[in-house]
Amino acid sequence: MKFQTTDPAANPSAIFYKCCTVDLRNGEMKFADVPCRNLEDVLGGFGRSFQDLAKRKIENAYCDQNPLIVNTGLLTGSSAMTGMRTYFSGYSPIKGSKVGLPAAMWSAGSGKFGAKFKWTGLDELVFENRSEQPIYVVIKETETGPQVELKSAEHLLGLSTHEKIMALQEKYDNAHFAAIGRAGENWQNNYMGAVALSTENQLKSKEDKFRFAGRGGMGSLMGYKNILALVAQSSDKISKVSEAVKKVNINVIKGGGSARIQPLSRGGGGGTWAAYEVLQEFHAVPVNNFRPQGNAIPEKLFRENVEKEYDIKSESCFRCGITCHNNISEKNADGSKGEFLAKFDYEPLNLLSTNIGIHDAGQAARLIQLGDNYGMDAISLGVTISYALSYNERHPEAPILNGATFGDYEKIRELVIQTGEGELPEIGRGSMRLSESLDETSYAYHVKGLEIAAYQPETNPGYVWAIAGGHISMGTYGLLTREGKSDLESWVKGITEDKLHIVGFDMIGLCKFFDITKGIGTQMVVDCLKSEFDLEVSAEDIRAAVRRAFLRGLALELRQGYSKAEFSLPAEVSENPNRNIKLPNITSPEFFEKLQKRVWEIFEPELEDQ
Amino acid sequence: MKINVKLIGLFRTGRFKQEDRQYPNGPKVRDIIDVLQLPQQHFGIVLVNGVHAGTDTVLSEGDHLVLLPIVDGG
Ligand code: SF4
């Protein structure tokens with residue numbers, strides 16, 4: 001970025017981001033220092049990419065006009081804690097409206113790729129059209145600025161995400177990697193391809209410990225464009241941490257905001273996995289396709305039970321003190337650590353275990369590992385499989401696919417493999433398409449075509465207004481369970497004011513654990529921007545930019561043909577209320593109708609400005 | 001008076017899972033948290049007889065109190 005002002009809110013056009021546009025059809029590249037249109041452009045991530053996506057009318061995600069935009073946030077690669085994020089944006093193959101138009105989507109991931117990308121001197125890379133041959137793309141720092149090269153990737157074809165990263169690591173030092181797996185290569189039949197992002201830990205240990213930009217099939221879009229991997233090669237730009245940023249970082253670690261995500265050994269809460277124990281108290285841990293049974297079955301995957309048999313190690317991304325990864329390995333007979341299996345984050349763990357009837361930690365870990373190596377979004381994969389299992393439970397006389405049922409590990413494993421290989425479009429194209437083809441849509445747990453995260457929809461009507469997946473773009477998933485709010489006013493306020501601010505993290509380059517309750521419109525972020533770039537911007541201006549970006553996303557959904565009726569929860573939630581969930585009912589048709597009316601009354605006038 | 005206290009997740013470490021405990025008459029939830037020395041930064045949810053409550057809630061004989069750490073998925 002180039003800064004010719006200290007006031008990004010009043011004078012954004014005096015700030016420039018370095019963008020390279022690559023035409024994959026002929027290899028032509030155009031570098032430009034692009035003046036920012038507004039504060040959203042300065043902050044970056046989807047705040048910028050969605051403005052560009054909005055300029056295009058895309059009717060099919062797999063078309064030449066649909067770009068893949070890779071960018072970072074303003075604080076990616078900075079000394080602010082968690083500043084590791086990379087964003088992938090484009091029109092999604094999996095998320096789409098009933099009229100058949102694809103939704104704009106972004107997906108974010110940590111690891112060290114984002115920082116390396118930023119340190120090459122590039123802020124954004126836009127891929128137009130598609131390559132005839134499989135390629136990988138090298139972005140490198142040179143004395144004259146960032147350079148981009150397209151290379152043949154024939155030798156990477158057919159490798160897993162981890163194998164691709166390992167193969168590229170042999171050739172490129174001082175580099176980090178973003179790779180798709182076979183799922184993304186099989187984009188025709190797999191719309192849930194993810195992008196794996198390498199971590200320092202992975203490159204050192206050679207174990208498959210990556211992070212993912214998983215949601216919305218951005219890996220499938222990358223596969224359609226015939227890009228198998230990205231390499232970001234640069235020296236590490238680690239400046240001395242200023243006193244101001246040091247104070248912020250200490251606050252992130254000690255101030256309480258991230259405490260629950262930190263390792264138990266450091267007095268933390270043990271990562272997102274700990275949500276199992278809390279949600280179980282309400283019988284709100286998803287079981288067998290989001291039908292909690294009011295029993296103790298989810299307890300089998302409580303940490304205290306898993307650690308008896310498996311080794312659990314807390315690890316982190318480069319320089320992050322939050323250390324949120326819970327890495328599970330086999331335990332040798334002598335108690336020492338054996339083969340690495342997978343990371344246990346709440347979402348992938350639940351959706352590839354308890355919610356498909358698997359209650360064995362080793363089997364769950366193997367399924368997560370398999371999905372990661374094929375490069376599939378664990379949420380879309382798990383939820384589409386759980387739909388199929390539920391269908392088979394309801395139709396024992398005429399099951400679909402291989403006849404798998406809840407808990408049948410071998411058959412479920414077969415489904416994961418076939419999906420990753422592109423042999424099972426029924427699963428690979430997501431739960432909306434599968435349920436419509438079977439004419440049984442009420443228990444397909446997606447909202448607007450994107451599978452929901454591992455929070456029961458009964459606890460989160462806010463899913464409906466999330467613009468890029470339930471838990472990353474609408475922070476209402478704890479409003480009932482955590483805050484005990486079951487009144488209409490609290491939900492209207494949560495959706496239209498406070499909780500939409502979670503999307504700010506997907507602009508600026510930070511993880512939401514930086515300050516999950518307050519978002520990015522805070523003094524901590526103001527202090528970081530002043531210290532890192534000498535920018536003077538108020539918390540209010542940042543909050544206004546985040547709100548504009550969110551509303552732009554909502555407006556874009558409507559433009560892509562979503563009717564108001566599609567802003568709804570899976571029908572089973574109201575048609576067959578689950579009495580086992582021990583929380584007030586906030587998804588009755590009456591409550592939801594009132595909520596819809598109030599929320600649209602607030603959002604709609606603002607959408608006209610978008 | 002007797003309160004049935006249940007602890008969830010990391011609050012159990014070095015304490016207990018669930019037990020009947022004796023307290024002086026009319027304790028507030030906060031008093032019980034203090035006695036148990038639960039770590040402040042993790043403190044999240046209070047349920048009294050299955051309903052969300054605050055730390056100022058005054059407890060009665062035989063109440064069932066559940067103390068949960070804060071939750072965040074991802
Ligand atoms: S919070 Fe977790 S995912 Fe984010 S940078 Fe830190 S260790 Fe990585």
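Atoms considered below: every heavy atom in the structure, side chains included; atoms not considered: hydrogens, waters and symmetry mates.
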(message) To the closest 0.5 Å, what do you measure between CG (B:L10) and CD (A:E304)?
(response)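 Rounded to the nearest 0.5 Å, the CG-CD separation comes to 11.5 Å.
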
CD1/B:I70 to OG1/A:T517 distance, rounded to the nearest 0.5 angstrom?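 It is 7.5 Å, given to the nearest 0.5 Å.
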
Does the side chain to side chain contact (heavy atoms under 4.5 Å, CB included) test come out yes or no for A:F282 and B:V66, once each step is laid out?
-> CA-CA 11 Å; A:F282 303 104; B:V66 188; over 6 Å; no

Given A:L583 and B:H52, is the side chain to side chain contact (heavy atoms under 4.5 Å, CB included) satisfied, shown in steps? CA-CA 9 Å; A:L583 282 159; B:H52 283 82; 3.8 Å; yes

Would one find more than 12 heavy atoms of other residues, nucleotides or ligands at under 6.0 Å from atom CD of B:Q37?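 No, the 6.0 Å shell around CD holds no more than 12 heavy atoms from other groups.
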
Exercise for review: Name all pairs fulfilling the side chain to side chain donor-acceptor pair (under 3.5 Å) condition that reach into residues 1-13 of chain B, sequence neighbours left out, sorted by first residue then second.
Suggested key: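 Qualifying pairs: A:E281-B:K6, B:N4-B:Q18, B:N4-B:D20, B:N4-B:H64.
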
> Does any heavy atom of chain B fall under 4.5 Å from the side chain of A:L480, the backbone, both, or neither of them?
Replying inline: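 Contact with chain B involves the backbone of A:L480 alone.
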
- Residue A:E483 versus chain B: region with a heavy atom under 4.5 Å: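 When you check distances to chain B, only backbone atoms of A:E483 fall under 4.5 Å.
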
| field | chain A contact via B:P39 - which portion, at a heavy-atom distance below 4.5 Å | value |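 B:P39 has no heavy atom closer than 4.5 Å to chain A.
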
Can you see which heavy atom on B:I45 is nearest to which on A:V278, and at what distance?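 Where B:I45 meets A:V278 most closely, the heavy atoms are CD1-CG1, 3.8 Å.
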
